[in-house]
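What you see is a predicted model, and the numbers here were worked out from it, not measured in a lab. Starting from 1, each residue takes its place in the sequence as its number.
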Amino acid sequence: MDNSQKTTSTRYRIVIMLAVSMLSLCFIFVYGFLMDAGAYDANFKAKNLSPSLAHLFGTDWLGRDMLSRTIKGLSTSIVIGIVASSISAVMAVVLGTAAATLGKKTDMVITWVIDLFMSVPHLILIMLISIACGKGLMGVLIGVAVTHWTSLARVIRAEVLALKNSQYIGVSRAMGKSNIWIARKHIFPHIFPQFIVGLVLTFPHAILHEASVTFLGFGLSPEQPAIGIILSESMRFLSSGMWWLAVFPGLVLLLVVMLFDAIGETLRILANPTTAHN
C-alpha cells in the first residue's frame, strides 16, 4: 500500500470515528431531551430491582428506572457542557486576542487574571462561584463557564502574537489595510481551528466538573435527574449490595466523556497541517 492509499485509509478511519462519536452523543441528547417524565417516575412495585431485560440498569429504592434517569441526566450534562464550553471558548478568543493586540498593559492584566484563575483548584472555584450565584442550574452553568477559558486563552494569545509578526500581515499593513480587515481576513481564519478544537476539548472537562460539583451538593437541585445527583444518592445504598446504582451511570458518564475527547482529538488531527495529511 503506497502513501496515498495509507493517507486515504487514515482519513476514512478518522471520519468514521468522528461520525460515530457525534451520532452517539446526538442520540443520547435527543432521546433524553424528548423523554417523558413518566419514564423515570417512582414505582414502588418495582423498587430495588437488579439489572434485567425489563430494566437494563435496574431500579433504585423508589422504583425509578435507572437507564431512563441516566440518559436524562446525561442530556442535562451535555446541555450544560455545550453552553458552558461555548461561553468559555468565546471568552478565550476575546481575551486572548485582546491580550495580544491591545498593548502591554492590557496583556499584563489579562495574563494576571489567567494566572489567578489557574492558581485556584478548578473544583473549588466552581463551587464558590456556584454558591455565589445561588447554586442550581444557573449557578453551575456560570461556574463552569467562567473557569474553563484560561488554557485556550493562552493558546489564542500565543497564536495572535505569532501572527502579528508574520510577513503577510506586514504586507497587508504596508498596503494600507485596516486592523479590522486584517483581523477578519488573516487573524480570525487562522485561530478558528484552535477555537473549534478548544471548544470541543472543553466539553468533557465541563461535564465532569458539573457532575463533581453536583455530587458534592453544590450544583443542581436533588429533584433534577443529573448524573452527579444519581451518583451521590447511590453512595447510601452500595453497602446493601445495590452496585448498579453507581456502576452503570458512572460507566455511561465515562463513555460520554471519552466520546467528546475522541471528537476533540479527531478535530485536532484534522486541523493540524502536519498531521492532517499523514
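- Listed by chain and number, the residues in a salt bridge (charged side-chain N to carboxylate O under 4.0 Å, His left out) with Arg64 are Asp60, Glu233 (sequence neighbours excluded).
- No side-chain heavy atom of Met127 sits less than 4.5 Å from a side-chain heavy atom of Ser130.
- The two atoms that bring Phe237 and Ser240 nearest to each other are O-OG, 2.7 Å, heavy atoms only.
- His55 pairs by the side chain to side chain donor-acceptor pair (under 3.5 Å) definition with Asp65, not counting sequence neighbours.
- Considering only heavy atoms from C-beta on, Leu152 stays 4.5 Å or farther from Ser88 through its side chain.
- Lys47 places no side-chain N or O within 3.5 Å of a backbone atom of Leu62 that could act as its donor or acceptor partner.
- Around CE of Met108, the count of heavy atoms belonging to other residues, nucleotides or ligands within 6.0 Å does not exceed 12.
- Using modelled atom types, no side-chain atom of Thr150 and backbone atom of Phe117 make a donor-acceptor pair closer than 3.5 Å.
- Side-chain contact between Ile82 and Phe29 is absent, with no heavy atoms from C-beta onward closer than 4.5 Å.
- Leu253 places none of its side-chain heavy atoms less than 4.5 Å from the side chain of Thr70.
- Taking a 6.0 Å sphere around CE of Met118, one finds it holds more than 12 heavy atoms contributed by other residues, nucleotides or ligands.
- Side-chain atoms of Thr97 and Ile191, non-hydrogen and from C-beta on, do get closer than 4.5 Å to each other.
- Counting only heavy atoms from C-beta outward, the side chains of Leu23 and Phe27 never approach each other to under 4.5 Å.
- Using a 30° and 60° split on the angle between ring planes, Phe248 and Trp243 fall in the tilted class, from 30° to 60°.
- Contacts classified as salt bridge (Lys or Arg N to Asp or Glu O under 4.0 Å) and involving residues 194-217 (residues at least two apart or in different chains) are not found.
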For residues 141-149, run the donor-acceptor check on the side chains, cut-off 3.5 Å, and write out each pair with its distance to 0.1 Å, sequence neighbours left out.
from: Thr147; atom 1: OG1; to: Gly143; atom 2: O; distance (Å): 2.8
from: Thr147; atom 1: OG1; to: Val144; atom 2: O; distance (Å): 3.3
from: His148; atom 1: ND1; to: Val144; atom 2: O; distance (Å): 2.7
from: His148; atom 1: NE2; to: His209; atom 2: ND1; distance (Å): 2.9
from: Trp149; atom 1: NE1; to: Val146; atom 2: O; distance (Å): 3.0

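- Applying the salt bridge (Lys or Arg N to Asp or Glu O under 4.0 Å) rule to pairs touching residues 96-114 yields Asp107-Arg157, sequence neighbours excluded.
- Nearest heavy atoms, Ala89 versus Leu199: CB-CD1, 3.8 Å.
- Residues Met138 and Cys133 have side chains not in contact (no heavy-atom distance under 4.5 Å, counting atoms from C-beta outward).
- In this structure the side chain of Tyr31 never reaches within 4.5 angstrom of the side chain of Leu34, judged on heavy atoms.
- With Ser75 contributing its side chain and Lys72 its backbone, the two residues share a donor-acceptor pair below 3.5 Å.
- A donor-acceptor pair under 3.5 Å is absent between the side-chain atoms of Thr106 and the main chain of Ala99, judged by distance alone.
- Take Thr76 and apply the side chain to side chain donor-acceptor pair (under 3.5 Å) test, not counting sequence neighbours, and it matches no residue.
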